[in-house]
**Q** 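Here it is: the structure, laid out below.
Heavy-atom basis, side chains included; hydrogens, waters and symmetry copies ignored. Both ligands and their constituent atoms are indexed starting at 1 by order of listing.
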Amino acid sequence: MTREQELLEQLETERAARLEAEKKLEVVIESKASELSSSAMRLSYLIANMLEGVLVEDENRKIILVNQEFCTMFAIPVLPDLLVGADCTESAEQSKHFFSDPESFVRGIEIILKNRVKVIGDILLLLDGRTFSRDYVPIIIDSAYRGHFWKYSDITVQQKYEDALIRSEEKYRLLIENMNLGLLEVDLKGKIRYANQSFCIMSGFEREEIYGKIAENIFTEAKNRKLVRNKTESRNKGMVDAYELEITNKQGLKKWWMISGAALHDKDGNQIGSTGIHLDITEQKQLEFTLRHAKQLAENTAKAKEIFLANMSHEIRTPMNAILGLGKLVLNTDLTTYQRSFLESINTAAENLLIVINDILDFSKIESGKLSLESISFNMPKLLNQICKMLVLQTEEKGLQFNVHIDTKISPVLVGDPYRINQILLNLLSNSIKFTEKGSISVDCRLVESNDLNQCLEITVTDTGTGIEKEYQKKIFEKFSQENVSVARKYGGTGLGVAITKQLIDLMDGKITIESEKNVGTKVTILITLPIGLLSEESVDGKENNFMKNLKAKRILLVDDNKINRLIAKTILSKEGIIVTEAGNGEIAIEMLRTLSFDLVLMDIQMPVMDGLTATKLIRSEINESIPVIALTAHALKSEMDNCFEAGMNDFLSKPFEAEKLIAMIAKYIC
Ligand code: ADP
């Protein structure tokens with residue numbers, strides 16, 4: 001082969017190799033191009049489906065890419081693909097009418113395009129109320145500006161939420177700042193991190209003075225530190241409660257705060273401190289102290305009143321006892337008709353006076369809550385008959401008809417306070433007799449309801465007397481009230497009877513109603529429910545009578561400093577054949593009991609040298625544990641009775657007493 005042929009062959013081989021290489025390059029280019037185009041497709045698909053409006057322009061402001069959302073946001077009625085290649089130089093002018101400040105929108109775009117610097121989150125307000133957020137990103141390739149990317153997001157809803165949130169935050173911030181409640185936030189070490197305006201006013205400190213300081217050191221007195229620490233501990237355990245705390249403010253004034261606290265957590269749930277709401281309750285506290293003081297004073301006054309009542313009761317009843325007791329004794333002696341009639345008048349006056357005294361004492365006792373009711377078995381029909389028997393004479397004297405009707409279905413044993421029921425009915429019947437000149441008085445006791453346990457009774461007292469004015473009926477239950485002044489002049493009375501009756505019925509959980517017509521008459525109705533007692537629980541009265549005759553030669557020590565009282569009691573007891581030994585005070589009685597033997601002791605309470613309670617305690621501890629000791633007390637107060645039992649007495653009888661009651665009481669203990 002010649003040199004030329006060789007060269008030709010070499011050239012041919014090289015050409016073939018170049019062609020081969022070119023082919024390969026073509027394949028590579030083709031595959032790269034297809035890769036690029038699928039990337040671009042992916043990108044445009046992504047942009048087309050973005051929820052934000054996107055517009056991509058080239059360096060000459062020709063549209064490269066735009067999505068449907070963009071067209072929708074700016075109400076462009078053309079498909080996005082048809083906009084590709086369109087010129088955007090006028091677009092700001094064309095769409096400025098959407099915005100609430102069109103000129104600044106146009107100016108803004110001009111500046112952005114001039115600067116070619118990325119801008120994120122521009123807020124644009126639209127005339128129709130929408131809010132857009134806009135991002136601008138310049139496209140820089142190989143340091144050359146190749147267009148830009150706009151992204152618009154409709155943030156109207158989000159913005160509304162944010163606005164609402166800001167407004168709400170502002171509202172609560174202002175509320176916290178200005179409310180009358182002091183708000184204090186402390187960290188885990190108790191250091192103050194935040195205090196609202198009210199707290200500063202309450203405490204007298206400026207914020208700067210307390211921020212970073214330990215709250216406890218500033219406000220809490222040493223004596224209260226333990227309380228505060230306990231409260232903080234339980235608060236940290238999640239317990240929320242409120243407590244009162246006495247503090248000293250900046251001016252050194254003592255103040256009372258009501259504090260309610262709760263643990264404070266960060267967003268991950270870790271406790272970072274606690275927050276407390278503080279209410280200044282100094283005024284309320286002062287009021288509370290004043291009230292407590294006033295209450296104490298009232299209690300002391302009530303106590304003093306009770307003691308005064310007890311003394312007064314004693315002072316009045318002692319001479320009354322003498323008058324009534326001696327009066328009755330004298331009536332049993334030989335008297336001229338005149339003397340008898342005068343003495344009977346004295347006795348009646350004394351009895352009336354005793355009723356008035358008892359009424360006043362009763363009312364004071366009820367008012368001070370010192371009156372307690374008995375709960376004993378009694379026979380209601382028997383009680384009613386006894387009362388009516390007592391009054392029948394008075395009705396006969398006035399020429400009044402007296403009708404009594406008692407329901408036979410009423411249980412023979414009911415449980416309640418027969419003495420107070422007696423008092424109620426006596427009050428009502430006495431009034432009826434007092435205010436009735438002609439016609440009749442009727443008592444009717446009816447069974448209204450009954451079950452195995454209780455009976456509800458309706459007792460009516462009806463008269464054909466003067467009647468009560470409608471106006472006065474409204475006030476009749478008020479104490480010391482009478483229909484008019486002439487009533488007191490003509491009929492006497494204190495105006496307490498009906499008031500006491502009402503109070504007693506209230507205490508029994510009963511009801512009282514009064515119907516009355518002037519010059520026609522009055523009807524008082526009482527409703528009370530009482531438990532049914534057992535037949536075996538016979539009333540006290542029944543038992544006592546059986547023993548009455550066995551007292552002959554019994555020895556009784558009669559202890560009383562009042563000679564007349566001793567005379568009365570001795571006269572009554574001697575009639576029964578009882579041997580009475582007298583002692584003028586507790587000390588003498590003790591001496592006698594040490595040397596002589598007695599069956600029973602009748603013991604006065606208030607005596608000089610040694611009183612009855614002290615004497616009884618000595619008898620019980622040193623002389624005789626079992627000898628019956630009966631108190632003869634001028635006091636009708638429950639507290640006094642309790643004292644008697646506490647001292648070791650067996651029973652008590654209040655003076656002035658009926659002869660039969662004294663005998664019955666003695667018989668109860670020594671027969
Ligand atoms: P007193 O009878 O001591 O005045 P009361 O409290 O028992 O006090 O009665 C108050 C007043 O009610 C009487 O003064 C009288 O004016 C009137 N009153 C009570 N009961 C009757 C009645 N049955 N008929 C007419 N008036 C009555």
**Q** Given N650 and Y669, is the side-chain hydrogen bond (donor to acceptor under 3.5 Å, both in side chains) satisfied, shown in steps?
**A** CA-CA 9 Å; N650 300 67; Y669 286 95; 5.5 Å; no
**Q** Take atom CD1 in I281; do more than 12 heavy atoms of anything else shown fall under 6.0 Å from it?
**A**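 Yes, because the 6.0 Å sphere around CD1 of I281 holds more than 12 heavy atoms from other groups.
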**Q** When you measure from atom 5 (P) of ligand 1 to each heavy atom in V461, D463, N427, V498, which option holds the nearest one?
**A**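 The option holding the nearest heavy atom is V498.
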**Q** For atom 24 (N) of ligand 1, which candidate among N431, I476, T522, V524 holds the nearest heavy atom?
**A**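 Going through N431, I476, T522, V524 one by one, T522 has the nearest heavy atom to atom 24 (N) of ligand 1.
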**Q** Give yes if a backbone or side-chain nitrogen or oxygen of G497 is under 3.5 Å from a nitrogen or oxygen of ligand 1, and no if not.
**A**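 Such a contact does occur with ligand 1.
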**Q** Can you list the atoms of ligand 1 that are under 4.0 Å from a heavy atom of L496?
**A**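 Counting from 1, the qualifying ligand atoms are 6 (O), 8 (O).
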**Q** Below 4.0 Å from any atom of ligand 1, is there a heavy atom belonging to G467?
**A**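 Judged by the 4.0 Å heavy-atom criterion, G467 does count as contacting ligand 1.
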**Q** Where is the tightest heavy-atom contact between G467 and T522, given as atom of each residue plus distance?
**A**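 Between these two residues, the closest heavy atoms are CA-OG1, 3.5 Å.
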**Q** Atoms of ligand 1 less than 4.0 Å from T466 heavy atoms?
**A**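 With T466 as reference, the close atoms of ligand 1 come out as 25 (C).
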**Q** Hey, does the side chain of Q455 reach the backbone of I410 with a donor-acceptor pair shorter than 3.5 angstrom?
**A**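 It does not hold such a pair.
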**Q** I'd like to know if the side chain of N385 reaches the main chain of P381, judged simply by a donor and an acceptor atom lying under 3.5 Å from each other, with no hydrogens or angles considered.
**A**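 Yes; judged by distance alone, with no hydrogens or angles, the pair exists.
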